[in-house]
Amino acid sequence: MKHYLQFSDFGADEYQYLFARTAVIKGKFKSYEKYHPLTDRTLAMIFEKASTRTRVSFEAGMGQLGGTVVNLTTSDSQLGRSESIEDTARVISRMTDIVMIRTFGQERLARFAEYSRVPVINGLTNEFHPCQILADLFTFIEHRGQGTSDALACLEGKVVAWVGDGNNMANTWLQAADLLGFTVHLSTPSGYEVDEKLAFDARQPRAGCYKIFKDPMQACRGADLVTTDVWTSMGYEAENEARRKAFADWCVDGEMMAVARPDALFMHCLPAHRGEEVAAEVIDGPQSVVWDEAENRMHVQKALMEYLLLGRVA
Ligand code: CP
Ligand code: NVA
C-alpha cells in the first residue's frame, strides 16, 4: 500500500506514468466517455482548513470514476471534540478505501497514515501541497510539451520562478525540481525564506535544483514559468499585517513577466488576491493558465486515486 504525503513519495518513473495516465483520463472526460474503474469504492475527505478546488475536484473526480465520497470537517466531526487522529484513522480506514486530508502540521497527516489501513493523500498541509504541484506540472506539459509520451523531457532544464512566500507550495516545488530535473528560482522577502531542510529532509538535493535571489525581478529573468501564491497562507492569519508590509515588492506584475522568456507561462494555485501577490494584468492576461491549472487538479487526482487503488493499469 502506498500513501501520497509529499511529492518525494513517488519517483520520476511514477510521475511519467501519472502524467501520461492523466492525459488519457482527461481525454475520456472531454469526450463524455464513461469510465468507472472505482465502482463501489469510497473516498473519505477530511478538511481541517477551508477549500474550494480541493473539495470539488476530489468529489467530482471520484464520482466520475464511479465511486462515492464522504466529506468531514473538523467542526462537524468528532475531530473537533478532540477524538485523536490515530483513532479517527483506525475507524475511517475500516469503512472507506482511500482518504484525502487537508490539515495543519505534516506530522498530523503522517500520524493518520501510520494508523490507516488504506492509502492517504495529502490535500495540503502547512508544509506541502503535492496534488497542486502535480496539476501545475501536468498543465506545463500540456502547454509546452509534445504530448505526454515523454513528459519528463519537457520539464528537464526548465526554470520556474517562485515569487513570494517560502510556504507549502514553495517547499513542494523544491521537491519536484530535485526529482524531475528543473531549476526553481526562489525570491522571498527576508524572514520568509524556504526551509531547505524541511523540503529535502536529510537528503542532499540535486546540485542546481534551486537558486536564491533577493530581487524578484532577477528570479524571473529567463524563466519558463512564473508562479506565486497568497502572502498569507491558511493558519497564518495573525501575521497578516506584518506580511502585507514585508511582501509589498513581491507582486508579480507586467515588468516581471517582461523579463521572463517571451513564451513564459503564469500559474497561481488560487485563491488569488489581485493587487497583492499578482497584478490583474498578469493573472487575467494572455500568459496566465490558471483556469487550466485549476481544472487539472481534478484530472491528475483521478489518475492518482486510480494509481493508489489499482496500480498501473496501462
Ligand atoms: N489550490 C487549492 O488547493 O485551492 P483550495 O484551497 O480552494 O482547495
Ligand atoms: N499556500 C496556500 C495555498 C492555498 C491553496 C495556503 O496554504 O493557504
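Only heavy atoms go into these numbers, but all of them, side chains included; no hydrogens, no water, no symmetry mates. All ligand and atom numbering here is 1-based and tracks the order in the structure.
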message: Taking 4.0 angstrom as the limit and counting only heavy atoms of N167, give me the atoms of ligand 2 inside it, by number and element.
response: 1 (N)
Option whose closest heavy atom lies nearest to atom 6 (C) of ligand 2, chosen from S233, C269, C131, A272: S233
task: Number the atoms of ligand 2 from 1 as they appear, then name those within less than 4.0 Å of a heavy atom of M234, with their elements.
output: 6 (C), 7 (O), 8 (O)
query: So which protein heavy atom does atom 2 (C) of ligand 1 come closest to, and at what separation?
result: R297 NH1, 3.4 Å
Closest approach of any protein heavy atom to atom 5 (C) of ligand 2, naming residue and atom: L270 O, 3.6 Å
Salt bridge flag under 4.0 Å for residues K30 and E295: yes
task: Check whether any heavy atom of N126 sits under 4.0 Å from an atom of ligand 2.
output: no
message: Distance to the ring centre below 6.0 angstrom and angle to the axis at most 45 degrees; does that hold for K28 and Y35?
response: yes
message: Students should be able to answer this: which protein heavy-atom is nearest to atom 6 (O) of ligand 1, and at what distance?
response: R102 NH1, 2.8 Å
message: Is the ring pair Y15/F10 parallel, tilted or perpendicular, if the boundaries are 30 and 60 degrees?
response: tilted
query: Which residue owns the protein heavy atom closest to atom 4 (C) of ligand 2, what's the atom, and how far is it?
result: L124 CD1, 3.9 Å
- prompt: Which protein heavy atom lies closest to atom 4 (O) of ligand 1, and at what distance to 0.1 Å?
  reply: R53 NE, 2.8 Å
task: List every atom of ligand 1 that sits less than 4.0 Å from any heavy atom of C269, numbering the atoms from 1 in the order shown and giving each element.
output: 1 (N)
- prompt: Heavy-atom contact under 4.0 Å between L270 and ligand 1?
  reply: yes
query: Heavy-atom contact under 4.0 Å between R55 and ligand 1?
result: no
message: Using a strict threshold of under 4.0 Å (side-chain N to carboxylate O), is an ion pair present between D13 and R312?
response: yes
message: Looking at D263 and R261, is there a salt bridge between them, counting it only when a charged N and a carboxylate O are closer than 4.0 Å?
response: yes
message: Suppose I only count heavy atoms of T52 and a 4.0 Å limit; which atoms of ligand 1 are within that range?
response: 5 (P), 7 (O), 8 (O)
N167-D229 side chain donor-acceptor pair, cut-off 3.5 Å: yes
task: Report yes if N168 has an N/O atom closer than 3.5 Å to an N/O atom of ligand 2; otherwise report no.
output: yes
query: Is the shortest side-chain N to carboxylate O distance from R111 to E107 below 4.0 Å?
result: yes
- request: May I ask you to check whether D229 has an N/O atom sitting below 3.5 Å from an N/O atom of ligand 2?
  value: yes
query: Do R55 and E59 meet the salt-bridge criterion of a basic N to acidic O distance under 4.0 Å?
result: yes
query: So, are E276 and R244 salt-bridged, with charged N and O less than 4.0 Å apart?
result: yes
message: Please say yes or no: joined through hydrophobic side-chain contacts below 4.5 Å, possibly via intermediate residues, are M62 and F58 part of one cluster?
response: yes
